[in-house]
Amino acid sequence: MALESLMSDESPSIRGAARVAFIVSEAPSHVNPTLAIIAALQRRGATVSFLSGDSVREAVEAVGARFVRIDARSARRAHRPPKSARLSLRRALARREGLLEALHQAPQALALVIAERPDVVVLDPTTGWRGVAHAINKPIVTITSSFFYTVASPLVQAGLPSGQDLNSPQLQRVERDLSSLQRQLSRDHGIAPVDPDRLFTEPADVNLAASFRELQPDGTRFRRPRYLYLGPSLANRHESSLPELDRLPRPLVYAAFGSAERAGPTFLRMLVDAFGGGSWGIVASGEPPRRSPTWCVVRPTLPQLRILERADVFVTHAGINSVLEAIACCVPMILLPRTPEQSFVAEQVARLGAGVLRSRESITAESLRSDAVGLVESAEIRSRLEIAHALARSADGAEAAAGAIMALATASR
């Protein structure tokens, strides 16, 4: 039976048939898109287990999945490049070091997955455990927190080691370590080798991306039913409240740079210089100062969705989850990317007209305020943001993803 027809079948035999195992990185941007899918699977009668690190236990158990702990990655000594090394070499080394750490945990991951007896494995490619999923000979669904890629995609090509990099002693040593470990895993556990430069380009039986088709420049080449876009993942999120929101003036500017980065003192001072005095409200992710004025709230962690429901401008690193949440809440963005991936996302957001792309090195308090005022007052920005909002909301979504996963489970039995 074709996957597309199975996806639409709601019979009890299909709804009650599936055992689904998720293997996902601990990063919030990787976990959040899975929560609505888990809820949709359970509504269809599936049993869901979720293999990851301890930090995500609460979020996973809140949606009813069975949490299975995978031990933290090994603290092995990494082959570090010199500080003067090219960006391409640093990225190539980081990718291989991450894969090496993950593969040291692969036998444990394999044993845990086998114990769950899944009909389908939903795999986050960043875990590096595609070979683990292949070893149990069950259908595989990949879920990526950003876009679909092919080998020819510019961002993939830009991330490959250059000819010069291949002569690096550090790269050669880590390649030897990786090759040796993968041979051992293949011999002892039947875990197939994984190419560190192809983690995101090998298609699975079904492929899910936590974005929407129009945000991806070559989105039309990735077609249903094998490729599905999830759109904003806002459901089944459990965030704390922020009572101070009610007393902040409007317009409200919100500044946050993802779970891995907080605004430093210099940037916080720039925010206050740009929006201080009480005519604007400020919420920022960072270390709170000893004293804050009534119109400014700074916290190490913040309930982002609750804030975006009130915000008028979002100053962001252009992480894909943050961007999708802002579009879902119709909040225009000042995009300050740091990594090549964030720059790629920021360029697509600017192309859609949902924000303005700026360099971190060149921003000032004056330019921040000017951009924010322009975004708030621009009818064109509001119109284009509403179009982006509609496109994001029309993505395939969690229900279609759950249908595809259930179809694979039925076909594999």
Side-chain angles (χ1 to χ4, degrees), residues 26-29 31-33 35-36 39 54-64 232-319 321-336 354-355 365 368-369 371-373 375-376 382 385 389 392-393:
E26 287 187 76
S29 60
V31 175
N32 287 339
L35 301 179
D54 268 334
S55 68
V56 307
R57 179 190 292 270
E58 183 178 358
V60 167
E61 291 182 341
V63 291
S233 299
L234 310 185
N236 304 100
R237 299 269 292 275
H238 299 273
E239 293 190 337
S240 60
S241 61
L242 187 66
E244 297 94 325
L245 268 179
D246 294 334
R247 63 169 170 75
L248 292 175
R250 302 284 296 271
L252 177 66
V253 60
Y254 170 46
F257 299 115
S259 57
E261 181 186 357
R262 293 174 183 164
T266 300
F267 186 80
L268 291 175
R269 282 195 296 271
M270 187 186 300
L271 276 178
V272 171
D273 289 343
F275 303 104
S279 60
W280 285 67
I282 299 173
V283 181
S285 173
E287 291 301 324
R290 290 183 179 180
R291 293 183 180 179
S292 291
T294 58
W295 39 263
C296 181
V297 175
V298 181
R299 298 283 186 277
T301 58
L302 290 163
Q304 182 153 294
L305 288 180
R306 293 178 183 269
I307 298 166
L308 286 173
E309 289 171 354
R310 292 280 306 276
D312 298 285
V313 175
F314 184 21
V315 183
T316 174
H317 64 311
N321 270 236
S322 292
V323 159
L324 289 169
E325 289 163 7
I327 290 174
C329 295
C330 281
V331 181
M333 288 163 273
I334 299 174
L335 303 147
L336 303 177
L368 268 180
R369 186 178 181 91
D371 281 338
V373 170
L375 291 173
V376 169
R382 284 197 301 274
L385 191 56
H389 170 87
R393 287 295 191 180

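Predicted, not measured: the structure shown is a model, and the values here were computed from it. The first residue of the sequence shown is numbered 1, and numbering continues consecutively from there.
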**Student:** Considering only heavy atoms from C-beta outward, does the side chain of Arg247 approach that of Val297 to under 4.5 Å?
**Tutor:**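 The answer is yes; the side chains approach within 4.5 Å.
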**Student:** For Pro249, which residues count as a side-chain contact (heavy atoms from CB on, under 4.5 Å) partner, sequence neighbours excluded?
**Tutor:**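 With neighbours one apart ignored, the set is Trp295.
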**Student:** Looking only at atom types and distance, does a side-chain atom of His317 sit under 3.5 Å from a main-chain N or O of Leu336, one as donor and one as acceptor?
**Tutor:**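 Not a single qualifying donor-acceptor pair exists.
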**Student:** Sorted by first residue and then second, give each salt bridge (charged side-chain N to carboxylate O under 4.0 Å, His left out) pair with at least one member in residues 327-336; sequence neighbours left out.
**Tutor:**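 Listed by first then second residue: nothing to list.
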**Student:** Which is it for Arg310 and Tyr254 under the side chain to side chain contact (heavy atoms under 4.5 Å, CB included) test, yes or no, and what are the steps along the way?
**Tutor:** CA-CA 9 Å; Arg310 292 280 306 276; Tyr254 170 46; over 6 Å; no
**Student:** Within the 4.5 Å heavy-atom criterion, are Glu325 and Leu308 side-chain neighbours or not?
**Tutor:**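 In short, these two side chains touch, coming nearer than 4.5 Å.
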**Student:** Return each pair, listed once, that meets salt bridge (charged side-chain N to carboxylate O under 4.0 Å, His left out) where at least one residue sits in residues 274-287; pairs must be two or more places apart or across chains.
**Tutor:**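 Passing the test, one end in residues 274-287: Arg262-Glu287.
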**Student:** Please examine the side chains of Ile307 and Phe314, heavy atoms only from C-beta on, and report whether any two atoms are closer than 4.5 Å.
**Tutor:**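 Answer no - side chains too far apart.
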**Student:** Is there a side-chain contact between Ile327 and Met333, using heavy atoms and a 4.5 Å cut-off?
**Tutor:**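 Touching, per the 4.5 Å side-chain cut-off.
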**Student:** Could you list the donor-acceptor pairs under 3.5 angstrom formed between side-chain atoms of residues 267-282 and any protein atom two or more places apart in sequence or on another chain?
**Tutor:**
none

**Student:** Could you list the residues that satisfy salt bridge (charged side-chain N to carboxylate O under 4.0 Å, His left out) with Arg250, not counting sequence neighbours?
**Tutor:**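 Applying salt bridge (charged side-chain N to carboxylate O under 4.0 Å, His left out) to Arg250 gives Asp312.
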**Student:** Mind checking what makes salt bridge (charged side-chain N to carboxylate O under 4.0 Å, His left out) contact with Glu244, not counting sequence neighbours?
**Tutor:**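 With sequence neighbours excluded, Glu244 shows a salt bridge (charged side-chain N to carboxylate O under 4.0 Å, His left out) to Arg299, given in chain and number order.
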